[in-house]
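Down below is the structure, laid out as structure tokens.
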Amino acid sequence: MTQSPPESETVASSPGDTEPAVDPLREFADSVADAVNGEAIVAFDTVKVKVPADRWVDSLAIARDHLGLVFFSWLSAIDWANETQAGDPLSEEVEERVEILATVADLSEGKRVTFSTDLPHETPVIDSLVEVYAGANWHEREAHEMFGIDFRGHPNLSHLYLPESFIGTPLRKSYPLLSREVKPWPGTVDVEAMPETGPSTENPEA
Amino acid sequence: MTTIDADAVRHLAEAQVSVELQTEEMTLNIGPQHPSTHGVLRLVARVDGERAFDVTPVIGYMHRGYEKLSEVRTYPQITALINRIDWVSGYANEIPFVVAAEKLMELEVPERAQYIRLILTEMARISSHLMFLAAYPLELGAGTPLFFSLRERERVLDLIESVTGGRFHPNFNRIGGVKPAYGSGSTTRKQSQDLPAGFLAEASDAMARVDAVCDQIEDLVTGNEIILARTKGVGIIPREVVAAYGVSGPIMRASGVEFDLRKTENYLPYDRFDFEIPVGQNGDCWDRWWVRFQEVRQAVRIVQQAVDDIPPSGPLQAKVPKVIKVPAGETYVRAENPKGEMGYYLVSDGGQGPYRLKIRSASFSNISILPWILEGVLVPDIIAIMGSLDFVLGDVDR
Amino acid sequence: MDFLTDLFANPWVALGGKVLLVAVMVPLLALLLGFAELKLSAKMQARVGPYFAGGRWGWAQLIADGVKFFQKEDLIPEDADRPVFKMAPILVLMSTVALLVVIPFGPDLVFQDLSIGVFYALAISSIGTIGVLMAGWSSANKYSLMGGLRAAGQLIAYELPLVLAVVGVVIMAGTMSLSGIVEAQANAPIPYFIPQALGFAIFMIATLAELTRIPFDMPIAESELVMGFVTEYSGFRFLFFFLAEYANMFTMSAIAVTLFLGGYWLPGIPESTLAYAGPLILAAKVFLLVFAMIWFRWTFPRFREDQLQALAWKWLIPLALVNIVATAAFKVIF
């Protein structure tokens with residue numbers, strides 16, 4: 001897994017941040033994980049709670065009703081694949097899967113939790129969240145057209161951004177970028193190095 | 001939630017401008033060409049006389065594939081792209097992204113750079129809200145606040161341009177700080193340059209003028225009975241809908257939710273400044289106008305305090321290697337952008353570019369309530385409500 | 001000079017001269033008022049307005065626009081009802097021209113003084129409504145039709161307050177002839193906008209609605225910001241509508257001035273001076289009202305259609321009726 005170790009403390013990398021060693025974020029994460037029976041990861045000021053796929057809707061319903069996380073921020077996915085058609089491949093091999101993320105927050109203190117679950121790589125299917133958070137409608141449509149995830153129970157899983165006739169799931173790692181096929185990416189160094197001394201008024205020929 | 005037949009939506013989406021004038025209802029195609037700043041949004045509305053029911057937004061005309069593009073770009077290249085997401089408030093789009101990268105790299109941004117970031121972000125907020133204050137009365141029919149407001153906005157944009165080189169697309173942030181002004185990559189001048197001379201004094205002066213034009217606009221608009229008749233009680237968004245749909249920013253605050261990410265998140269040193277959060281009561285179009293109006297005044301306050309408080313000298317960027325590689329990790333950073341909550345979920349694999357960058361844009365969630373809120377609304381009110389949501393299609397479509 | 005007097009003694013020549021004069025006045029007035037609108041609105045919005053056409057003042061801007069309109073292609077939509085389509089702008093313009101005929105510019109300076117002047121003026125101005133409906137209908141465009149129907153609804157709704165507001169003046173003056181009303185104000189001597197303040201206010205609001213100017217321009221501005229019933233008109237047909245709007249501003253303001261502000265009369269000026277100073281006084285008063293109209297246009301947003309109708313039916317008509325009853329009561333009692 002390409003993540004930092006789950007037990008790391010939040011690092012004082014943001015301005016004006018003087019967090020003590022006992023971490024309120026860690027406490028909050030643990031309380032959420034207990035409530036939904038998931039696994040909490042706290043890293044870089046972000047709380048991520050992993051739940052199994054069959055308890056996806058239930059966990060978010062508990063978050064909305066009992067944890068005060070009523071604000072639906074976003075829902076999207078990450079395609080963990082070992083081969084990519086565009087971009088750099090992963091530095092180490094991972095188990096291929098599609099990871100769904102949904103971030104919900106509260107409206108008083110700014111606490112937020114990113115719930116996550118793993119789906120099979122080839123045919124990701126999961127229950128829709130529209131009954132719990134009405135705003136998930138458009139986010140799930142986008143995830144469907146970009147990743148090919150099927151949301152059971154969604155009222156209208158048509159394309160949101162892409163035209164109806166579009167074939168393919170663009171944000172998958174297996175989807176190539178046409179311009180890269182036509183012209184290969186030059187790599188890390190794509191500009192000429194600056195000359196050490198440029199032409200100046202004394203030395204126009206340099 | 002209305003159940004929309006997928007086939008009917010597809011048929012409507014492919015229909016040309018032809019309008020079937022039946023006796024009972026008519027399908028009205030509003031857009032995608034809009035005579036306002038919003039952009040290419042298309043609303044397919046079924047209209048019965050004056051009332052619209054079943055309004056379906058069709059978006060995606062400006063989808064540029066930012067998330068896929070980010071996977072094949074390096075971090076400095078991405079900052080050049082993302083300030084084009086919400087093009088009215090260009091500078092503010094870059095901030096959460098660089099803060100996310102800096103979190104993963106565990107960098108400490110120098111204080112002067114943070115103040116400069118904060119001043120420019122608040123100027124971007126003023127610029128975005130002045131555009132709203134100009135365009136919204138125009139959609140309602142009043143042509144004059146446009147000119148007053150845009151005149152002062154030009155002043156603010158000139159200031160942003162004097163520092164960053166660009167009015168709308170500054171590309172001014174660097175991982176670890178801000179770009180030293182006037183070209184630090186020059187080979188003949190080895191030292192980096194700081195803010196242009198006189199910038200702080202001009203910024204104070206511009207803020208005073210923005211405050212003055214706010215007074216003028218207040219006279220023109222706030223007491224005007226016709227504007228009140230057109231906006232009071234129109235397009236009410238209750239608190240539950242705000243939470244369920246993820247509506248953020250001034251719209252959320254107009255509906256009575258006292259919440260501002262500047263007070264709860266720590267991506268910029270807002271805790272050192274004294275400012276208020278305007279909160280509306282009813283959640284109608286008038287409250288959304290009023291909240292943005294007050295936010296301009298509060299932003300002016302913040303800039304004036306920051307200009308007085310800024311450390312007189314200091315480094316502008318933390319020490320970063322020439323080729324930036326962000327260590328592996330995931331983080332989500334969100335910021336209070338003028339349009340609402342903008343966030344970046346950055347998944348890094350230790351490379352020169354992200355493995356996955358999820359962009360949470362404010363307007364996308366803000367206009368997902370359109371089918372809900374435009375149900376049973378009079379056709380002229382559609383214009384009033386959409387204008388009050390103040391969205392930008394670049395932000396919606398990414 | 002005798003030759004000219006003899007010539008114009010012939011009634012047909014006099015008639016021809018009057019027709020020519022009216023025909024020339026209408027575009028000139030429209031030009032003047034249009035230019036006033038451009039410059040005044042610019043001043044209110046911290047801009048300069050027309051600047052290049054004809055030197056620094058830009059006075060030739062509208063003349064240039066007129067020439068531009070004339071040389072455009074005459075486009076008629078294929079499905080349009082051709083005779084109706086061509087007739088509509090003429091009808092709108094002619095109602096304005098016909099209004100100009102009864103306005104007294106001086107003690108004897110009126111094209112034709114009718115004993116039923118007020119009645120005639122209001123009746124003729126409503127013919128313009130028919131022209132608007134014809135334009136919307138014949139354009140073979142659903143948006144034009146919607147705009148035309150909305151305009152028709154608005155114009156008909158505001159006819160009633162317009163007429164009722166005038167009744168108070170007629171009661172006070174005792175005559176429907178416009179020259180007679182000016183003389184009544186001169187004899188009183190008080191311009192009627194003081195006792196008839198309510199009637200004056202109602203008349204001005206109804207006039208703004210009849211001209212479909214902001215705050216009442218929903219028919220023009222709403223239909224997806226295409227020009228409502230005027231959408232399919234281009235070239236000189238559009239010029240007719242444009243001239244009609246500004247000339248109408250003048251004529252309706254002139255009627256208002258005649259009825260309420262004393263017309264060509266000012267207190268203290270003898271009758272002999274009024275013979276040639278009358279038109280200037282009238283023009284000055286009209287310009288005041290036109291200035292107010294321009295000012296309103298750029299200050300206020302527009303009403304929604306239902307709010308507009310509610311204003312007419314629920315507020316203006318009852319108030320106008322109250323005004324009539326009060327005026328009649330005063331006249332009988334005092």
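Predicted model, so just to flag it, every value in this text is computed and none were measured. Only heavy atoms go into these numbers, but all of them, side chains included; no hydrogens, no water, no symmetry mates. We name chains A, B, ... by the order of the sequence lines, and we start the count at 1 in each one.
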Self-check item: B:R334 and A:S73: CA distance, side-chain angles, deciding distance, side chain to side chain donor-acceptor pair (under 3.5 Å) verdict
Solution: CA-CA 10 Å; B:R334 57 185 187 160; A:S73 193; 4.9 Å; no
Self-check item: Portion of B:M252 that has a non-hydrogen atom of chain A nearer than 4.5 angstrom
Solution: side chain
Quiz item: Nearest heavy-atom pair of A:G110 and B:E265: which atoms, and what distance?
Solution: O-OE2, 3.8 Å
Quiz item: Considering only heavy atoms, which portion of B:E71 lies under 4.5 Å from any heavy atom of chain A: side chain, backbone, both, or neither?
Solution: both
Quiz prompt | B:E67 portion near chain A, given a 4.5 angstrom heavy-atom threshold | solution = both
Exercise. Check whether NZ of the Lys or CZ of the Arg A:K48 lies under 6.0 Å from the centre of the six-membered ring of B:Y332 and within 45 degrees of that ring's axis.
Key: no
Practice problem: Work out which heavy atom in B:V72 is nearest to a heavy atom in A:L177; give both atom names and the distance. | Solution: CG2-CD1, 3.7 Å
Quiz item: Given the side-chain rings of B:Y245 and A:W138, with only the six-membered ring counted for Trp, is the space between their centroids under 6.0 Å?
Solution: no
Exercise. Please check if atom CD in B:E258 has more than 12 non-hydrogen atoms from other residues, nucleotides or ligands closer than 6.0 Å.
Key: no
Exercise. Please state whether the side chain, the backbone, both or neither of A:A105 comes within less than 4.5 Å of a heavy atom of chain B.
Key: side chain
Quiz item: What's the verdict on side-chain contact (heavy atoms from CB on, under 4.5 Å) for B:F259 and A:F71, showing C-alpha distance, side-chain angles and the deciding distance?
Solution: CA-CA 11 Å; B:F259 184 72; A:F71 184 79; over 6 Å; no
Self-check item: Engaged part of B:L261 at the chain A interface, taking heavy atoms whose separation is under 4.5 Å
Solution: neither
Quiz prompt | Greatest number of heavy atom pairs closer than 4.5 Å to chain A - which of B:G350, B:A244, B:G60 | solution = B:A244
Exercise. Run the numbers on A:W80 and B:V347 for side-chain contact (heavy atoms from CB on, under 4.5 Å), then give the verdict.
Key: CA-CA 11 Å; A:W80 295 101; B:V347 177; 3.7 Å; yes
Practice problem: Between chain B and each of A:R112, A:M146, A:E109, count heavy-atom pairs under 4.5 Å; write down the option with the most. | Solution: A:R112
Quiz prompt | Among B:S248, B:G353, B:G246, residue most engaged with chain A (heavy-atom pairs, under 4.5 Å) | solution = B:G246
Quiz item: Non-hydrogen atoms of chain B under 4.5 Å away: do they reach the side chain of A:S108, the backbone, both or neither?
Solution: backbone
Quiz item: Checking heavy atoms, do the side chain of B:I367, its backbone, both or neither come under 4.5 Å from chain A?
Solution: both
Self-check item: Considering all heavy atoms, the nearest A:L171-B:K68 contact
Solution: CD2-N, 3.6 Å
Quiz item: Are A:E142 and B:R398 ion-paired here, with the side-chain N under 4.0 Å from a carboxylate O?
Solution: yes
Quiz item: Who among A:G135, A:A77, A:A136 has the most heavy-atom pairs with chain B under 4.5 Å?
Solution: A:G135
Exercise. Supply the atom-to-atom distance A:I78 CD1 to B:Y355 OH, rounded to the nearest 0.5 angstrom.
Key: 8.5 Å
Quiz item: Is a donor on one side and an acceptor on the other found under 3.5 Å between the side chain of B:T331 and the backbone of A:F44?
Solution: yes
Exercise. Carefully, step by step, assess A:T114 and B:E330 under the rule side-chain contact (heavy atoms from CB on, under 4.5 Å).
Key: CA-CA 11 Å; A:T114 303; B:E330 301 179 11; over 6 Å; no
Self-check item: Aromatic plane relationship, A:Y161 with B:F364 - under 30° parallel, 30 to 60° tilted, over 60° perpendicular
Solution: tilted
Quiz item: Among B:I369, B:D260, B:V323, B:V257, which has the most heavy-atom pairs under 4.5 Å with chain A?
Solution: B:V257
Quiz item: For B:K103 and A:D45, what are the C-alpha separation, side-chain angles and deciding distance, and is it a side-chain contact (heavy atoms from CB on, under 4.5 Å)?
Solution: CA-CA 8 Å; B:K103 263 206 213 291; A:D45 284 340; 2.7 Å; yes
